[in-house]
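The structure displayed is predicted, hence computed values, not measured ones.
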Amino acid sequence: MRLPEPAGAFLLSLTALPVSYVVNSLSVVSDPISIAGIGAFVLLALLVLLFFFLQGSPPNDPLFYVFAVFSFTSVIDLIIWLEEDGYISGFMEFYMKEGEPYLRTAHGLLICLWDGTVHYLLYLFMLAAIARGKNYKAAGLFWLGSLCMSMLIFLPGNVIGKYGTEIRPAFLLNVPYVALPVWAGIRIFRGHHSLPKMSPEKIEVVHSQGILQRPLDIALIVYLLGAIIFTLFRGLLVLDCPSDSCFTYIYQYEPYLKDPVAYPKVQMLVCMFYMLPFLCMSVYALLNPGCSWMLDWTLIYAGAIAQAQFAHMGSSLYHRTPYTYRVPRDAWWVFVISNSLYTLGLQFLAYRCLKNPAFFLQKSHHSAEDGKKQN
């Protein structure tokens, strides 16, 4: 009996366990070039197998193949985290020694954990949606932001941090994580959100509401203003701001910003140069109706900040981080609460845009769809 497409992709992802165990047992896998070659071969073999088994009824969306292969690598990342934290052994030791040793850092292990849990669940959800012909744009945009932020921090951090001298051929296995999201993002952007039907008259009524009539949006603007200050402040911190307040904050609340692995420094700069403009534009969009771009970009930035803050907060507390760079015990709650609010605010903003989008829609939104149906 033929398995449904999502079930087949799920079972394919679970082959990561035997594949990694067998490869780890091979004595020939001992040098960086062999490891990179075997990694590339495994990924290509998975793609060929997937294409072969789905040849009779190929999925309508080619992103099915991307998500299926990435689900396999997500399980590999979960295995890496489990093995490095001592839960299992004998699976990825070869890769960690001669492939990507920087994955043993707190940041490296936490992005593996995020990829092996959050990304993996997103892949399964999107695979099921593709197989059933359902809309998955919201999940796709969240994944896109999360993966892009992960790569924007991880790759430069590896090069300029203290592991910059240990870059090996296996580093090139990250190329698909840079190239494929660009193609996937273009396809996902072209899709349509599953929005409730609204008449132009209803949209116009919502557009006419002032900010004082929208208390939730007032709260979101207050959050955005605080997030703007926080983002700019932490960006200045990693640029060696000489003021006493900067010195005090780093050593009393976030000493991890000075960790020589460079991931926190790259993250704060990425947030300052890419997140900060979006936060400012979001304030404008909450005050001026019809900014339809908010429906897409809030989801992307929600995914980006969720992934980045998970890695940053976790690394600041993780036992793999040297003790001198961990959050001091007496500042633990201040750190957790401030960073959690910073993270959750964009999640609420994305949820508000998705569930109550009328304020951000163009007045012609509904009539344009009707015109398409009539044609």
With the 4.5 Å side-chain cut-off for hydrophobic clustering, are [X] and [Y] part of the same group?
X    : Y    : answer
V206 : I218 : yes
Y325 : Y318 : no
V159 : L269 : yes
I111 : M313 : no
L78  : I88  : yes

Side chains of [X] and [Y]: closer than 4.5 Å at any heavy-atom pair?
X    : Y    : result
I305 : Q347 : yes
I221 : L287 : yes
L47  : Y65  : yes
I228 : C280 : yes
L103 : W81  : no
F67  : F125 : no
M275 : L346 : yes
L155 : F171 : yes

Gap separating the CH2 atom of W293 from the SG atom of C353, nearest 0.5 angstrom: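 Answer rounded to 0.5 Å: 8.5 Å.
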Rounded to the nearest 0.5 Å, how far apart are CZ of F360 and CD1 of I203?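 Answer for the CZ-CD1 pair, F360 versus I203, is 12.5 Å.
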Would K265 and D259 count as a salt bridge (charged side-chain N to carboxylate O under 4.0 Å, His left out) if you check the C-alpha gap in whole Å, the side-chain angles of each, and the deciding distance to 0.1 Å? CA-CA 8 Å; K265 182 174 185 177; D259 194 320; over 6 Å; no
Does [X] use its side chain to pair, donor to acceptor, with the backbone of [Y] at less than 3.5 Å?
X    : Y    : value
S74  : D115 : yes
E83  : S89  : no
R214 : L286 : yes
K162 : P260 : no
R104 : L109 : no
H207 : L361 : yes
S315 : H312 : no
D85  : Y87  : no
S340 : I337 : no
N339 : F335 : yes

Please confirm whether F70 and H119 have ring centers closer than 6.0 angstrom.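 Centroid separation for F70 and H119: 6.0 Å or greater.
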Ring centroid separation for F247 and Y251, is it under 6.0 angstrom?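 Yes, the ring of F247 comes within the 6.0 Å limit of the ring of Y251, centre to centre.
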Check the side chains of [Y] and [X] for a donor-acceptor pair under 3.5 angstrom, ignoring hydrogens and angles.
X    : Y    : result
Y249 : D244 : no
Y342 : T231 : yes
N158 : Y263 : yes
T73  : Y177 : yes
W297 : S282 : no
H107 : Q267 : no
N356 : Y351 : no
Y123 : W143 : yes

E100 bridged to R168 by N-O distance under 4.0 Å: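 No.
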With a sphere of 6.0 Å drawn around CD1 of I33, does it hold more than 12 non-hydrogen atoms of other residues, nucleotides or ligands?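 12 or below, so no.
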For atom CZ of F189, is the number of surrounding heavy atoms from other residues, nucleotides or ligands below 6.0 Å larger than 12?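 Enclosed: over 12 neighbouring heavy atoms sit under 6.0 Å from CZ of F189.
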Could you report the tightest heavy-atom contact between I153 and A308, atom names first, then the distance?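 Shortest heavy-atom contact: CD1-CB, 4.0 Å.
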To check you understand the geometry: which heavy-atom pair defines the closest contact between Y163 and P101, and what is its length?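 Closest approach of Y163 to P101: CE2-O, 4.4 Å.
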I would like to know whether I250 and E254 meet side chain to side chain contact (heavy atoms under 4.5 Å, CB included); could you show each step before the answer? CA-CA 5 Å; I250 286 179; E254 294 200 51; 6.0 Å; no
Output, in order, the C-alpha distance, side-chain angles, deciding distance and verdict of side chain to side chain contact (heavy atoms under 4.5 Å, CB included) for V178 and V182. CA-CA 7 Å; V178 177; V182 175; 5.6 Å; no
